[in-house]
Amino acid sequence: MPWSILDLLRRDPEKLRDSVRRRGLDPGLVDRAVELDVSWRKKLREVEQLRHRHNVISRSIGKASPEERRKLIAQAKELLKVIEEAERELKTLEEERERLLLKLPNTVHETVPDGLTEEDNVPVRFWGKPRVWRGHVEQFRAQTEKWGFKVEHEVIDWRPVGHADMLEQVLGLGNTLKAGEVAGSRFYYLFDDLVWLDIALLMYALDHLSRKGFRVVLPPYMLRRKAIMGALDMETFEDAIYKVEGEDLYLIATAEHPLAALYMGEEIPEEELPIMLAGISPCFRKEAGAGNRDLKGIFRVHQFHKVEQFVYAKPEESWEILEKLVANAEELIRGLELPYRVVNICAGELGAPAAKKYDIEVWMPAQGRYRELVSASNCTDWQSYRLRIRYVRRKGMVRDYVHTLNATAIASTRTITAILENHQEPDGTVVIPKVLRKYLEPFEAAPKEVIRPAGKH
RNA sequence: GCCGCGGUGGCCUAGCCUGGUAGGGCGCCGGCCUGCUAAGCCGGUGGGGGUAUCCCCGCGCGGGUUCAAAUCCCGCCCGCGGCGCCA
């Protein structure tokens, strides 16, 4: 079987229309793709027949007498004009068809909830005992009981300081104002304890994943357009990706991009699957669509560090692996003692590459909201089709597109904001999760148990 | 950045000078043979379209010359070696 989406397009376009509809997109997109695919194939046959005639003549020239040769060459030249015209038409159709095919989003998996907005995402489980400020109790209920979950929590009378003020006012370990002046908004300087914390978090994630059989990877931080477009859709490309002036190079928005591109154009023997990679890289994001959301602090920034899980899998095992990737991320967050919920993202919020996506959202005590810390997607064969990555099954000579999956392990700055709010004491002290201890230990200057407010060192 | 050499199906390789349907080996898949295995023999083993037997495209990528390009010409990418520069 070829690319699953093309297969549906030809055999069962209604299913594809339905999937596009569930995402809140225009199903006419599918109809146009079907039409173009049909007319492209028709034109292709026409061109091939013409080329065949030309090849027959051309081949006979070598064996012809000088007399006949002149005649045949004239004939071939004449035919060439016809072919050129037909080929131009074919090329136009082909480009249009390809453009449309690449616009088609992945097919939505049947276990994905309906809906178009954040409100329609469905929590599937909760963990931890969140600290809920008295003023947030109502909204906490709205985020738990609405779906029938009874989440044990501790009501507190003092309101924790928000991560942005913690960073700059209370701890004095960040400067977004100066960063704004020299680089723009959504940039930051971090200092001392938070730098150690950032590095410790990354090591923690790498250590955890490598013990589970992930191969750790430090990938290129820039990619050619061809490679980066294989991993993401036009919308993300325009909202997120920085281009290097004067070169065919783009800054990655996540290690997912170079890890997906690692096998571009290749065939993977099935015995090698699943290939489990843990990439570590900076992430660069324009956040063009974000407007004024989360403008303060380091929750939503143009640049941060991330350890990313990425897996190449056989189609029959990819759904099981998606659950595993989420479980890995949950283990990491539980280790950090951050209360969270796992959310099944609704069809309209999926993003084109994903067939299904879970987010892990951590309770933010100062905001009174669960906020996204981790995102885990099964992209099935959407990326591998674009990047032409197949797996080969020797038994039966199967050559088919692999499935790709990705999930955050740790995104540094966001995780820091979660720690600043959840492990904050009334006096502003931040308790460092015990699991990070061993990654801080090697550095004499690094904090080990707590991060103290400015002036209380 | 400069000079030289190279890039051919999953891998290795012939063909390039001298343009005329891409050959061989290994591996793999299927079949025959066989008590079983091996050997041996036969077929298959890049993409696409149509499926009755077929056809088109494909020799790193993109152009050009030609009736015809792996082959000749130009540009680019990648790899190797050398020189230069550099943390």
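As a basis for the values below, the full set of heavy atoms in this structure was taken, side chains included, without hydrogen atoms, waters or symmetry mates. Chain naming here is simple, since letters A, B, ... match the order of the sequence lines and numbering starts at 1 in each.
For B/A87, there is no paired nucleotide, since no Watson-Crick or G-U wobble pair has both relevant distances below 3.5 Å. Base-pair partner of B/G27: B/U45 (Watson-Crick or G-U wobble, both distances under 3.5 Å). B/G4 and B/C80 make up a base pair, with Watson-Crick or G-U wobble contacts both under 3.5 Å. Across every strand in view, B/C33 sits unpaired, with no contact that passes the Watson-Crick or G-U test at under 3.5 angstrom. For B/G75, the paired base is B/C61 (Watson-Crick or G-U wobble, both distances below 3.5 Å).
Remark: A/M276 CE is packed, more than 12 non-hydrogen atoms of other residues, nucleotides or ligands lying under 6.0 Å away. Taking a 6.0 Å sphere around CD of A/E235, one finds it holds 12 or fewer heavy atoms contributed by other residues, nucleotides or ligands.
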Inset, instruction - Produce a footprint string for nucleotides 50-70 of chain B: one letter per nucleotide, 5' end first; B if the base is under 4.0 Å from any protein heavy atom, S if only the sugar-phosphate is, - if neither. - result: S----BBS---------BS--
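Using a 4.0 Å heavy-atom distance criterion, A/R388 is classed as making no nucleic acid contact.
You'll find the ring centres of A/Y250 and A/Y242 outside the 6.0 Å limit. Ring centers of A/H403 and A/W319: at least 6.0 Å apart, outside the cut-off.
When atom types are taken as modelled, the side chain of A/T236 and the backbone of A/L232 share no donor-acceptor pair closer than 3.5 angstrom.
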